[in-house]
2 protein chains.
Amino acid sequence: MADVNVSRIGDRATPPEGGREAASVEPIWDVIELLFFAYKDFVGDADDVLAKFGFGRAHHRVLHFVFRHPGMKVADLLDLLKITKQSLGRVLKQLIDQGYVEQKAGANDRRQRLLYVTPKGEQLAMKLAGLQTKRIARAFADLGPGGHEGARRFLSALIDADGRDGVLRFIARADRAQGSRG
Amino acid sequence: MADVNVSRIGDRATPPEGGREAASVEPIWDVIELLFFAYKDFVGDADDVLAKFGFGRAHHRVLHFVFRHPGMKVADLLDLLKITKQSLGRVLKQLIDQGYVEQKAGANDRRQRLLYVTPKGEQLAMKLAGLQTKRIARAFADLGPGGHEGARRFLSALIDADGRDGVLRFIARADRAQGSRG
DNA sequence: GAAATATGTCAATATGGCTGACGTAAATGT
DNA sequence: ACATTTACGTCAGCCATATTGACATATTTC
């Protein structure tokens, strides 16, 4: 966010919410816009690095989730990212061809292509996660104790109610799958 | 998030962070992934409506910011969205041609095209903001008191330090510019 | 052996970014 | 007054990422 100086500037950082909420529900403008700006900066960190590798956000997402869930099936990834196999195919192929991700036939079901990151892939995945972690950690430092828990609760609550538990379990399972590889 | 059932499921919702933080900083996986899933669902609400109008996220962003900052210059919008005038031009033209946004020459500087939403544009902007507000309000209800303030602080802290004040002032100014139009 | 499943791939299309070049009107500087 | 700069628009082409639909191949299952 280099500069957002749209001619003049104001001062009040919070909208007037005292008491009743006007007719037809007054939009929660501040959070709507903060989500936009915060997310943009958040992914921007990684975008810059990815560009040097000739990759985009799509590659990042695949690399990230394969890293977090070693042995993931292609179908799992499709379901998770909610994209088509054709879209996934393109970026996955590049990641494989360039040695960031590798496939192994499933032991039980040999039609399956289980996905794993290579050491090279792990290095990039960790580099990207490190950048994002740095930003988040800085935010938590600003927020003081309870910041992490608060953020987790807020973000979880934003997720569609019917998919929330699945996402939380997914994240928890990844933590187990990877263990501590600091 | 229809379903994220990647074969098996886990239980622990928070990573083991007790005490020291391994070598080279352990990534804050939960927040990294929650941001991804939360943001996806957050923008998904609007995407569905926009699709019915033949619009995309790019249209939403333009409509949103013009609505929030009536009389914005084209240059302001470019600086805010960080896109090129060619990219903006395409979607802005559609919004104007279809009567959602209108332009007026600047009073002082007649080269400027000041942007305003039409009543039709306001209606759509409010509809989209309403959907997002519903999601955020639901999250705040889950979080209890302090949820709004906590979210605002967390998201603000995520923004690049050097642009943060500008963004906060921008949001504050918009609140004044629009007043209560609930 | 037939049918279903997991994956890969070809082809065409849409959206929303980008760069570069050029045009026009209005403001500004000397 | 004229040259330059500014604000904006637009043409042309390219790239990344997503889509749909069709079809191929291996493997598992009924």
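If you're wondering where the values come from, they're calculated on a predicted model, not measured in any experiment. Note that these values count all heavy atoms, side chains included, but never hydrogens, waters or copies made by symmetry. Here is how names work: the chains are called A, B, and so on, in the same order as the sequence lines, proteins then strands, and each is numbered from 1.
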Which of R68(A), R152(A), R61(A) passes salt bridge (charged side-chain N to carboxylate O under 4.0 Å, His left out) with E33(B)? Answer is R68(A)
[N] [atom2] sits how many Å from [X] [atom1], rounded?
X       : N       : atom1 : atom2 : answer
K73(A)  : dT27(D) : NZ    : C1'   : 14 Å
K104(A) : dT7(C)  : NZ    : P     : 16 Å
D79(A)  : dT7(C)  : CG    : C1'   : 15 Å
R111(A) : dT5(C)  : CZ    : C1'   : 4 Å
R110(B) : dG9(D)  : CZ    : C1'   : 17 Å
R113(B) : dA27(C) : CZ    : P     : 11 Å
L63(B)  : dG16(C) : CG    : C1'   : 17 Å
L92(B)  : dG16(C) : CG    : P     : 13 Å

Nearest heavy-atom approach of S156(A) to L168(A) is OG-CD2, 3.6 Å
With under 30° as parallel and over 60° as perpendicular, where do the rings of [X] and [Y] fit, or are they tilted in between?
X       : Y       : answer
F37(B)  : F170(A) : perpendicular
H60(A)  : H64(A)  : perpendicular
H148(B) : F140(B) : parallel

Look at the side-chain N and O atoms of [X] and state whether any lies under 4.0 Å from the OP1 or OP2 oxygen of [N].
X      : N       : result
S87(A) : dT19(D) : yes
H59(B) : dT15(C) : no
T84(A) : dA18(D) : no

Between I83(A) and D109(A), the residue closer to the 5' end of DNA chain D by nearest nucleotide is I83(A)
Contacts of Q94(A) and A107(A) projected onto DNA chain D by closest heavy atom; the upstream (5') one is Q94(A)
Could you tell me whether [X] contacts a base, only the sugar-phosphate backbone, or nothing, with contacts defined as non-hydrogen atoms closer than 4.0 Å?
X       : value
R90(B)  : base
N108(A) : sugar-phosphate
Q103(B) : sugar-phosphate

Give me, pair by pair, the N or O atoms of the protein and of nucleotides 10-12 of chain D that are less than 3.5 Å apart, along with how far apart they are.
none

Exercise. Decide if atom CZ of R110(A) counts as having more than 12 heavy atoms of other residues, nucleotides or ligands within a radius under 6.0 Å.
Key: no
Exercise for review: Could you give me the CA-CA distance, side-chain angles and deciding distance for R135(B) and D160(A), then say whether salt bridge (Lys or Arg N to Asp or Glu O under 4.0 Å) is met?
Suggested key: CA-CA 8 Å; R135(B) 179 179 293 273; D160(A) 283 349; 2.6 Å; yes
Side-chain contact check for V91(B): nearest option of dA27(C), dG16(C), dC18(C) is dG16(C)
